[in-house]
Amino acid sequence: MFTGIIEDLGIVTKLEKEQDNLHLTIKSAITHELKIDQSVAHNGICLTVVDISEDNYTVTAIKETIDKTNIGDLQLGDLVNLERAMKLGDRLDGHIVQGHVDQTGICESIKEENGSWLFTFSYDDTLGNVTIEKGSATVNGVSLTVVNSNKNSFSVAIIPYTYEHTNFKHLKKGSQINLEFDVLGKYIQKLYENRQ
C-alpha cells in the first residue's frame with residue numbers, strides 16, 4: 001500500500017529487455033534505505049527491488065505491467081516518481097494507493113493559473129473506471145484531488161511544490177500517464193450499480 005506522496009525523483013540509468021521482461025535500473029537518493037524484495041512505486045507502479053548497487057537499484061516489469069502502463073515508454077535519463085510502501089501506523093497524507101495501475105490516460109491540456117497549474121487528462125471510460133468530483137485519483141503515482149470530473153476526463157490542480165518535486169514539470173500535451181482510480185470510489189460505484 002502507498003499514499004501517493006512522492007518521496008524522490010529517480011533517474012533511469014539502465015533499461016534492459018530480457019524476453020518479455022524489462023529490467024529498469026534507477027538512481028535515487030533513497031537507494032541506500034532500500035532492501036532487496038522491497039516494494040517501491042514507480043510512477044504509481046508497484047515493483048519489487050531485485051538488485052542494489054551503490055546508489056542504483058533494479059526492478060523488473062513483466063509483460064502485463066508493460067502492456068497496461070507507460071513503463072515501456074521510459075528512456076535513459078527520464079525522471080520517475082518514487083514512493084516506498086507505507087508503514088503501518090504512519091500518517092496517510094494522500095489516499096490509499098495500491099500501486100496497481102488501472103489504465104493509462106493522456107494529458108489533454110496544461111493551463112498555468114497564477115502560481116499553480118491545471119492539468120486535464122482523458123481516459124478510456126469503457127474500461128469501467130470513473131472519477132468522482134473532489135475524490136482522489138493517482139496520476140503517475142501522485143495522489144491528487146479530482147476537479148471537473150467528466151465521463152472520460154478529469155482535471156487536477158498542481159501546486160508549485162508538487163510541480164517541482166514530481167515529474168509533472170516534464171509532462172506535455174499528449175503525454176501518456178499512469179492512472180489508478182480511487183479504490184473507495186470504485187467500491188461506492190459498485191454499491192450504486194448493485195442497487196439498480
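Position 1 is the first residue of the sequence, and the numbers go up from there.
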Short question: side chain of [X], backbone of [Y] - any donor-acceptor pair under 3.5 Å?
| X | Y | answer |
| --- | --- | --- |
| Asn43 | Val80 | no |
| Glu83 | Glu7 | no |
| Asp102 | Phe181 | yes |
| Thr166 | Thr162 | yes |
| Gln176 | Gly105 | no |

Quiz item: Salt bridge or not for Glu108 and Lys173, using N-O below 4.0 Å?
Solution: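 Looking at Glu108 and Lys173, the cut-off is not met.
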
Exercise. Identify whether the distance between the nearest side-chain nitrogen and carboxylate oxygen of Glu33 and Arg84 falls below 4.0 Å.
Key: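 Yes, charged N to carboxylate O under 4.0 Å.
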
Quiz item: Yes or no on side chain to side chain contact (heavy atoms under 4.5 Å, CB included) for Asn140 and Leu171, after CA distance, side-chain angles and deciding distance?
Solution: CA-CA 10 Å; Asn140 277 353; Leu171 293 181; 4.1 Å; yes

Self-check item: Donor + acceptor pair across side chains of Glu180, His100 (<3.5 Å)
Solution: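 No, because no side-chain N or O of Glu180 sits under 3.5 Å from a partner of the opposite role on His100.
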
Spatial distance of atom [atom1] ([X]) from atom [atom2] ([Y]) [nearest 0.5 Å]:
| X | Y | atom1 | atom2 | value |
| --- | --- | --- | --- | --- |
| Asn21 | Ile62 | CG | CD1 | 7.5 Å |
| Asn152 | Leu127 | CG | CG | 11.5 Å |
| Lys14 | Glu16 | NZ | CD | 5.0 Å |
| Thr138 | Asn81 | OG1 | CG | 11.0 Å |
| Ser175 | Asp73 | OG | CG | 10.0 Å |
| Ile177 | Cys107 | CD1 | SG | 8.0 Å |

Quiz item: Does Tyr123 share a hydrophobic cluster with Ile106, counting links as ILVMFWY side-chain heavy atoms below 4.5 Å and allowing steps through other members?
Solution: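 Shared cluster, no.
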
Quiz item: Using the benzene-type ring in the case of Trp, are the ring centres of His42 and Tyr57 under 6.0 Å apart?
Solution: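 Under 6.0 Å, so yes.
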
Quiz item: For the residue pair Phe121 and Phe168, does the interplanar ring angle fall in the parallel (under 30°), tilted (30 to 60°) or perpendicular (over 60°) class?
Solution: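 Aromatic pair Phe121/Phe168 classed perpendicular.
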
Quiz prompt | For His165, all residues meeting ring pair (Phe, Tyr, Trp, His ring centres under 6.0 Å), sequence neighbours excluded | solution =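 So His165 forms a ring pair (Phe, Tyr, Trp, His ring centres under 6.0 Å) with Tyr161.
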
